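Below is one structure; the comments refer to it alone.
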Protein chains: 2
Amino acid sequence: MAGKRLTLADVARAAGVSKMTASRALRDAGDVSRESVEKVQRAAREIGYIGNPIAMSLSSQRTNLVGVVVPSASNIVFAEVLAGITEALSDSGFQPVIGVTDYDLDREAETIRSMLSWRPAGLIVTGLDQPEAARRLLEHAGLPVVQIMDTDGTPTDGCVGIAQTDAGAAMGRALLEQGRRRIGYIGCDLAGDTRATKRWLGFEAALAEAGVPLAGTLVADRSSSIAAGRQLTAEFLSQHTNIDCIYYSNDDIAVGGLFHCLHAGIPVPEEILLTGFNGLDLVEALPVPIATTITPRHEIGFKAAELILAAAERRSTRVDTRIELPTRIEMAAGFH
Amino acid sequence: MAGKRLTLADVARAAGVSKMTASRALRDAGDVSRESVEKVQRAAREIGYIGNPIAMSLSSQRTNLVGVVVPSASNIVFAEVLAGITEALSDSGFQPVIGVTDYDLDREAETIRSMLSWRPAGLIVTGLDQPEAARRLLEHAGLPVVQIMDTDGTPTDGCVGIAQTDAGAAMGRALLEQGRRRIGYIGCDLAGDTRATKRWLGFEAALAEAGVPLAGTLVADRSSSIAAGRQLTAEFLSQHTNIDCIYYSNDDIAVGGLFHCLHAGIPVPEEILLTGFNGLDLVEALPVPIATTITPRHEIGFKAAELILAAAERRSTRVDTRIELPTRIEMAAGFH
DNA sequence: CTTGGTATCGATACCGGTACCGATACCTTG
DNA sequence: CAAGGTATCGGTACCGGTATCGATACCAAG
């Protein structure tokens, strides 16, 4: 097969026009006759030309990349957000480039810097509360930035997410309405996840407002997982008595809690009502109902990518849009 | 702040050397005195220079990108593979670029073509059995290609994965050893997932060898999920009697099957032994034991990326390495 | 016939780096 | 002292596209 890679010059030669005309024809950028366009496109197809986005980017000082910074690649929540981004970008000619921080706040600035070096058309970053260094980078990036997941605070530019504090408060009130009074809280890795912390604070405030203090709290400095939820729940229930409800920092550890209860023979939800956050598919299929707040993960990614595309379209360096998506409380999620 | 972006020329001017010397100093490419290196690096740090990988790539005809093609971004298995790739690449200066096919065989060639246009240092592609068009692209890509997940077949270049057919057969024999004889099979989306099909065939062959036919089969043309597993299991058990074991195409639908059994009051594993595939964290935390084959998802990604890095290191266009990783059967996964 | 407008095209100069090679200075060796 | 080697540096020509502007041809209007 072809020794060297084909360039635009090869297409131009095959079509009998100049490089410039070929370039314009392939991008249909106007200033080319209909016949020339057809000649060039046919030639490109015949010789099997594939454009070079790198040269294109360097020359036009514009890329078709969208940088995405998430704390974890294997967390299903962010995987779903990524799927939303990918879907929104799929037919636009834009490519997502992923950076992962592993919930390490120090790596955040470094990851953002590395994304920016590609001079992407826009940046999608998780969370509103970056460390100072990262925040400065975003402010001076000179390109559209969308912060996702959270709307509690002031975004650098645009944001798409949910009102985390309100979501926690709403769940607190909903549990009180169910008549629960001995309510505990179990959370994981709150240092790296400011959104979970906001929910916790909102939740606690809502209870306090009704004169109901938290019956107990267990926060572990480890990453969320079903196994962690099991262990923490066992530990928590051995330390506190008469608990009738537990609010978890997310669905994963809530499911772990449920598994502990199933194994220990504790009736759920009659004796203890378990409460997660996100409304994962896993939760919707559980054989025993638990409560959760359903969040639009996919839609958050989709809308964030749409905002970047729109800004790129109008050659703007800002998004300047704040989208707060609704959440829905489901008191008895699961199939039953 | 700075109006224009800083370039290497700015660094060179600040350090009082030529562009070339600055370039060499920042890459420590030799042919520069120690003092010059220090001068340049200090200057770069002081003015806040960020390199431009696009210009670098165009000029050197070499990128620090690794293309990754997976069928799904939100499937936890591939999310874990991606995490492995990301980890292996994290300190190498290489960046993964993700392409998603959504199990659509037609989009596979298109996705690979789009990856190739970036002229990455290497490509990691899911599966050994690409459609013809995609396979041709890989063969003539002229760069290291690692096909992952599967080792049953002939890779274009390198591969890292597990022996899928053998894995199915091994589970078949293990279930027979447990004394199970009325064994069913439930699978999802086998058209898009040739690996699951291989396991099924290996499984069935192992049973046949022992003179035990499958007691029943239910294959649905829908994507795998816990909810699908629940529904399919309910349907299957209403159609077949005396089933004492079910082999599922993966853990997700096996867990769905378990949830059905828990809800229907069927004793697991005493009456029916459920069998998944992958050994997900979810399965390890289940309150009731199910069987599964534990696969090294993270390691597959990690090793695949390592192969690409090694090939890039020695400027080779091929990997030419086949890595078959071991799997382990766990007959009673779960915490109990 | 001249003038001016429109449609189409190509030459040239970049974009921001690196490869390649030649130049210089200095040292070692015979 | 001449010859050759080594260490260090810079000039130049690209990499493969696009932006910009000028050139040309053709047509309608005056």
Side-chain angles (χ1 to χ4, degrees), chain A residues 2-41 43-44 47-65 93 116-121 142 315, chain B residues 2-41 43-44 47-65 93 116-121 142 315:
Chain A
K4 252 182 65 68
R5 242 140 195 169
L6 294 166
T7 75
L8 192 61
D10 298 312
V11 178
R13 201 174 314 116
V17 298
S18 75
K19 244 176 67 174
M20 253 340 283
T21 301
S23 169
R24 283 192 278 247
L26 291 177
R27 293 177 289 149
D28 63 342
D31 269 16
V32 195
S33 68
R34 181 200 300 278
E35 306 114 70
S36 293
V37 170
E38 277 170 17
K39 255 192 322 191
V40 170
Q41 288 183 343
I47 68 177
Y49 170 72
I50 304 180
N52 184 336
I54 294 182
M56 197 258 230
S57 299
L58 181 63
S59 171
S60 64
Q61 298 289 78
R62 192 181 319 136
T63 66
N64 62 350
L65 298 174
L116 285 177
S117 75
W118 286 92
R119 281 141 234 229
R315 298 256 197 287
Chain B
K4 252 182 65 69
R5 241 139 196 171
L6 294 165
T7 76
L8 191 60
D10 299 313
V11 178
R13 200 173 314 117
V17 298
S18 74
K19 243 175 69 174
M20 261 330 291
T21 300
S23 168
R24 281 192 281 248
L26 291 178
R27 293 177 288 149
D28 63 342
D31 269 17
V32 195
S33 68
R34 181 200 300 278
E35 306 115 68
S36 294
V37 170
E38 278 170 16
K39 255 192 324 191
V40 170
Q41 288 183 342
I47 68 176
Y49 170 71
I50 302 180
N52 184 337
I54 295 183
M56 196 259 232
S57 298
L58 181 63
S59 171
S60 65
Q61 298 289 78
R62 192 181 320 135
T63 67
N64 62 350
L65 298 174
L116 286 177
S117 75
W118 286 93
R119 280 140 235 227
R315 299 257 197 288

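Predicted model only: the values in this text are computed from it and were never measured. A, B, ... follow the sequence lines: proteins, then strands. Residue 1 opens every chain.
- Using five terminal pairs a side, the axes of the helix from dC1(C)-dG30(D) to dG30(C)-dC1(D) at its two ends make an angle of 50°, given in steps of 10 degrees.
- Annotation: side chain to side chain donor-acceptor pair (under 3.5 Å) contacts of Ser33(B) (sequence neighbours excluded): Ser36(B).
- As a whole-Å value, the separation of Arg5(B) CZ from dG17(C) C1' is 16 Å.
- A close approach under 4.0 Å does occur between a side-chain nitrogen or oxygen of Tyr49(A) and OP1 or OP2 of dG17(D).
- Not counting sequence neighbours, the partners of Ala121(A) by the side chain to side chain contact (heavy atoms under 4.5 Å, CB included) test are Phe94(A), Ala312(A).
- Residue Arg34(A) holds its CZ atom at 14.5 Å from NZ of Lys39(A), rounded to the nearest 0.5 Å.
- A search for side chain to side chain donor-acceptor pair (under 3.5 Å) contacts involving Thr21(B) returns Ser18(B), not counting sequence neighbours.
- A heavy atom lying under 4.0 Å from DNA chain C marks the following residues of residues 9-18 of chain A, by number: Val17(A), Ser18(A).
- Here Leu65(B) contributes atom CG and Arg119(B) contributes atom CZ; the two are 12.0 Å apart, rounded to the nearest 0.5 Å.
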- Message: For a side-chain contact (heavy atoms from CB on, under 4.5 Å) check, start with the C-alpha distance between Ile47(A) and Val11(A), then their side-chain angles and the critical distance, and finish with the verdict.
- Response: CA-CA 8 Å; Ile47(A) 68 177; Val11(A) 178; 3.9 Å; yes
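- With sequence neighbours left out, the side chain to side chain donor-acceptor pair (under 3.5 Å) criterion links Arg13(A) to Asp10(A).
- Where Lys39(B) and Arg119(B) each meet DNA chain D at their nearest nucleotide, the meeting point lying more 5' is that of Lys39(B).
- In this structure, CG of Leu6(B) is placed 14 Å from P of dC15(C), rounded to the nearest angstrom.
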Anything under 3.5 Å between a donor and an acceptor, one on a side chain of residues 48-57 of chain A, the other on a protein residue two or more places apart or in another chain? List them.
unit_1: Asn52(A); atom_1: OD1; unit_2: Ile54(A); atom_2: N; d: 2.9
unit_1: Asn52(A); atom_1: OD1; unit_2: Ala55(A); atom_2: N; d: 3.2
unit_1: Ser57(A); atom_1: OG; unit_2: Pro53(A); atom_2: O; d: 2.7

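- With sequence neighbours excluded, no residue satisfies salt bridge (charged side-chain N to carboxylate O under 4.0 Å, His left out) with Arg27(B).
- Nearest heavy atom pair, residue Ala25(A) against residue Gln41(A), reads O-NE2, 3.7 Å.
- Side-chain N/O atoms of Gln61(A) include none lying less than 4.0 angstrom from OP1 or OP2 on dC14(C).
- Within the 4.0 angstrom heavy-atom criterion, only backbone atoms of the sugar-phosphate kind lie near Ser36(B); the bases stay farther away.
- Following rounding to the nearest Å, Leu58(A) (CG) and dC14(C) (C1') show an atom-to-atom distance of 9 Å.
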Just the atom pairs and distances: protein N or O near nucleotides 18-27 of chain D's N or O, under 3.5 Å.
unit_1: dT18(D); atom_1: OP1; unit_2: Arg27(A); atom_2: NE; d: 3.4
unit_1: dT18(D); atom_1: OP2; unit_2: Ser23(A); atom_2: OG; d: 2.1
unit_1: dT18(D); atom_1: O4'; unit_2: Ser59(A); atom_2: OG; d: 2.4
unit_1: dT18(D); atom_1: N1; unit_2: Ser59(A); atom_2: OG; d: 3.4
unit_1: dA19(D); atom_1: OP2; unit_2: Arg27(A); atom_2: NH1; d: 3.1

- Message: As a quick check of understanding, evaluate side-chain contact (heavy atoms from CB on, under 4.5 Å) for Leu8(B) and Leu26(B), giving each step before the final call.
- Response: CA-CA 10 Å; Leu8(B) 191 60; Leu26(B) 291 178; 3.8 Å; yes
